[in-house]
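Structure first, then comments.
All ligand and atom numbering here is 1-based and tracks the order in the structure.
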Amino acid sequence: MKCTLTARPLDTQAQDALIVFVQNKKPLTGGSKALNSLIAERIKKTGFSGEALQTSVFPTFGIYAAKGGKTKADNIILAGLGKSSDLRIETLERSAAAAIRAGKKAGAKSFATATAAGISKLSEPAFVHAVARGGAWGSYDFSTFKTKTKKPATLSLSFAGECKNAAACRRALVEAQAESDALLSTADLANLPGNVATPQKIANWSAKMAKETGLTCSVLNKPDLKKKNCNALLAVAAGSDLDAKIITLKYKGTDPKAKPVVLVGKTITFDSGGISLKPGKGMGWMLYDKCGGMAVLTAMQMIARLKPKAPVIGILTVAENMPGGGATRPGDIIKSRSGKTIEILNTDAEGRLALCDALDLALTHKPAAIVDLATLTGAVIVALGQNGSAIVGNNSRLTQKLIKAGEAGGERLWELPIWDEHKEDMKGTFADLQNIGKSGTAGTITAGAFLNEFVPDNIPWAHIDIAGTAWVESPKPWMAPGATLFGARTLIEWIKGL
Ligand code: BES
Ligand code: ZN
Ligand code: ZN
C-alpha cells in the first residue's frame with residue numbers, strides 16, 4: 001500500500017473511500033462540519049456503536065455534496081476504536097486493517113483518513129505509523145495458490161490535514177512503509193505449507209532477501225551442523241528426508257563498538273510430533289511451527305531497511321519433525337552443542353531441542369542480549385488464549401523493555417516466572433536434562449526453564465512463546481486466516497530504541 005501525507009483536509013479528498021475513526025462514539029473527521037453531520041445521521045440510523053474493530057461502509061450518494069461537502073469519495077468507512085480510555089496501538093492497527101479490508105471488499109482502491117483526527121493520548125506520528133502499518137496489513141491476502149485470482153491492485157492511503165509536526169509524520173510513514181514491506185513479503189513465505197516451505201526454500205529465501213537488503217547471510221548445512229556438535233537440532237531432523245539448517249543473518253549496526261543483539265527463531269517447517277506423533281485432528285496447523293523464524297526474518301528485513309544503531313544477528317534454527325525410520329526415539333539420549341546431555345522423552349517437544357543448540361551458537365557472538373521466539377507450547381494457549389504471548393527470561397529489565405516495546409508495536413506480552421522448582425522439573429534421570437517436565441504442569445514455563453539452562457546468567461535473555469498468537473485460524477476483521485508474524489513488531493520497536 002502506498003501512503004502519502006497531504007495538508008488539505010479530509011473533506012476535500014477525492015479517493016474512493018474516506019476512513020473515519022470513531023472514538024467515544026464521536027467521528028474523528030478532522031473538523032469537517034458536513035462530514036460530521038452526515039456521519040451523525042448514519043450512526044443514528046444504523047446504531048453503529050463505534051466499538052473497537054467494528055466497521056460500517058456506506059455510500060455517499062452525492063448527498064454529501066448537498067450538505068456543502070467537497071469530497072468526491074464514493075464511500076465512507078466508519079472504523080470503531082471503542083473508548084479512549086481503552087485505546088491501545090493494537091486496537092488502532094487492527095481497526096485500520098479492518099477498515100481497509102472492509103473497503104477493499106466494497107471495491108475501493110484509494111483511501112483517505114484525517115491525520116489531525118484528535119485521537120486522545122496519541123501523537124500524530126504514532127497515529128500515522130499505526131494506521132499506515134495496520135492498513136497495509138489489512139490490504140494483504142495470501143493468494144499464491146488460488147489459480148483464478150487476478151493480480152491484486154495496489155492500494156493507496158492518504159493522510160489528510162495539517163500535522164503539527166510534518167517532518168515527524170513523514171518519518172513515521174517511511175518507517176511504516178519499510179515495516180509493512182517486510183511484513184507482507186515475509187507473510188508470503190510464512191503462509192506456505194510444509195511441502196513448499198522446506199528448510200532449503202527458507203535458506204534460499206533468506207539469502208536472496210539478505211542480498212537485496214544488504215545483510216550478510218550464512219547457512220550451516222548437515223555436515224557443518226555435525227562439525228559444530230548441533231546434535232539436539234540434528235536429532236529433530238533425524239526422521240525427515242529434509243536436512244536441518246541454521247541460517248544466520250547479520251546486520252552490522254552503526255556503532256562499531258556495540259555488542260550485537262541476537263534474535264533466535266524456532267523454524268520447524270512441519271511438526272508432526274515425530275515418533276510421539278500428534279493426533280490427526282488439526283495437525284495441518286503445524287505448518288505454522290516455523291513462525292518464530294518467520295518473525296525473526298521479518299524483523300531482520302525491517303532492521304536492514306531502517307538501519308538502527310545496534311548490531312543485530314538473526315538465527316533461524318530450521319528442521320522438519322517427522323517420524324521416518326531414522327527418527328529419534330523417546331528415551332534416546334543426545335549430547336547438545338553446549339555439552340549438556342538430554343533425554344528426549346517426547347519427540348514432540350522438539351522446539352526446545354532445535355533452540356538449545358541455536359542459543360549456544362548465539363553465545364559465540366558475545367551478545368548484549370538474546371531474544372528467542374517460538375511456537376513452543378500448546379500450554380501457552382491454555383494460559384493466555386490467542387491474543388497475547390507469554391514471555392519468560394533471566395533479566396527483568398529486558399523483559400520489561402520487551403513488554404513496553406510490545407505495547408508500542410501492538411503486540412501483547414505477559415510475563416510468567418521461572419522458579420527453581422520449574423528448573424528442577426527439567427532435570428533428567430539418566431542425563432543432565434530431559435525435554436519434558438516430570439510434573440506435567442506449567443508447560444510453558446518448564447519449556448522456558450529448559451532453555452534457561454543454555455544461557456549464562458550474565459547474558460540477558462528472554463523467550464517469547466508465540467504458539468497462541470502466530471497464526472489466525474478463522475477470518476478476523478483485521479486479517480484473513482494465516483501467519484500474523486507476531487513478534488516482529490515488538491522486536492523492531494525494541495531495537496529502534498536501543
Ligand atoms: N509446536 C508445538 C507447540 C504447539 C502445540 C502449538 C499445540 C500449538 C498447539 C510444540 O512443538 C509441541 O508439540 N509442544 C508440546 C510439548 C509437550 C510434548 C511437552 C505441546 O505443547 O503439546
Ligand atoms: Zn512438537
Ligand atoms: Zn513444534
Side-chain angles (χ1 to χ4, degrees), residues 190 193-194 197 199 202 232-233 235-240 242 244 264-295 316-323 327-332 342-358 372-390 392 416 422 425-426 428 433-451 463-473 481-484 486-487:
I202 294 173
L233 172 61
V236 175
S240 168
L242 307 176
V264 180
K266 169 180 172 181
T267 318
I268 300 300
T269 58
F270 185 72
D271 181 11
S272 70
I275 297 298
S276 314
L277 196 64
K278 286 183 183 291
K281 190 168 178 275
M283 201 204 270
W285 183 26
M286 286 303 136
L287 66 91
Y288 100 128
D289 216 18
K290 59 184 177 303
C291 280
M294 297 300 106
L316 277 66
T317 181
V318 195
E320 185 186 44
N321 188 19
M322 295 290 265
T328 299
R329 312 149 198 74
D332 283 2
I342 305 168
E343 283 172 55
I344 302 178
L345 297 180
N346 188 324
T347 62
D348 197 11
E350 85 297 340
R352 59 200 77 182
L353 299 172
L355 284 168
C356 73
D357 282 345
D372 77 72
L373 293 102
T375 48
L376 206 61
T377 65
V380 77
I381 309 174
V382 178
L384 297 180
Q386 304 209 282
N387 287 294
S389 298
V392 300
L416 296 177
H422 298 126
D425 208 12
M426 300 307 289
L433 294 165
Q434 53 185 47
N435 78 329
I436 52 170
K438 293 182 278 287
S439 72
T441 62
T444 302
I445 299 176
T446 50
F450 177 92
L451 298 176
H463 156 66
I464 303 178
D465 192 332
I466 58 171
T469 50
W471 195 265
V472 155
E473 281 166 291
T484 63
F486 189 106

Report the nearest protein non-hydrogen atom to [atom]: residue, atom name, distance rounded to 0.1 Å.
atom	answer
atom 12 (C) of ligand 1	Asp348 O, 3.2 Å
atom 1 (N) of ligand 1	Asp289 OD1, 2.8 Å
atom 18 (C) of ligand 1	Asn346 ND2, 3.4 Å
atom 16 (C) of ligand 1	Arg352 NH2, 3.8 Å
atom 2 (C) of ligand 1	Asp271 OD2, 3.5 Å

Please check if the side chain of [X] supplies one atom and the backbone of [Y] the other of a donor-acceptor pair under 3.5 Å.
X	Y	answer
Thr267	Gly265	yes
Asp348	Leu277	no
Thr317	Ala354	yes
Thr375	Ala467	no

**Item:** the Zn ion (ligand 2) to Asp271: nearest N/O/S atom name
**Value:** OD2
For [X], atoms of ligand 1 separated by under 4.0 Å from a heavy atom:
X	value
Ile436	19 (C)
Trp285	8 (C), 9 (C)
Lys266	1 (N), 10 (C), 11 (O)
Glu350	11 (O)
Thr375	1 (N), 2 (C), 3 (C)

**Complete:** Rounded to the nearest 0.5 Å, the CG atom of Leu373 sits from the CE atom of Met294 at a distance of 12.0 Å
**Request:** Can you figure out which of Gly440, Gly443, Cys291, Gly378 has its heavy atom closest to atom 22 (O) of ligand 1?
**Result:** Gly378
**Item:** Shortest reach to atom 3 (C) of ligand 1 by a heavy atom, considering only Leu376, Val380, Thr446
**Value:** Leu376
**Prompt:** Do you know which N/O/S atom name in Asp289 is closest to the Zn ion (ligand 3)?
**Reply:** OD2
**Request:** Can you spot which of Glu343, Arg352, Glu350 makes a side chain to side chain contact (heavy atoms under 4.5 Å, CB included) with Asn435?
**Result:** Arg352
**Prompt:** Can you find a pair of side-chain heavy atoms, one from Arg329 and one from Ile344, that are under 4.5 Å apart?
**Reply:** no
**Message:** Just by distance, no angles: are the side chains of Thr444 and Thr377 close enough, under 3.5 Å, to form a donor-acceptor pair?
**Reply:** yes
**Message:** When you compare the side chains of Thr446 and Asp425, does any donor N or O come within less than 3.5 Å of an acceptor on the partner?
**Reply:** no
**Item:** Contact check: Asp348 to the Zn ion (ligand 2), N/O/S below 2.8 Å
**Value:** yes
**Message:** Looking at ligand 1, would Tyr288 count as a contact under a 4.0 Å heavy-atom criterion?
**Reply:** yes
**Item:** Test: Asp289 and Lys266 ion pair at under 4.0 Å
**Value:** yes
**Item:** Closest non-hydrogen atom pair between Cys356 and Leu451, with its separation
**Value:** N-CD2, 4.5 Å
**Item:** N, O or S atom of Gly351 closer to the Zn ion (ligand 3) than 2.8 Å
**Value:** no
**Message:** Using 2.8 Å as the threshold, say whether any N, O or S atom from Glu350 sits that close to the Zn ion (ligand 3).
**Reply:** yes
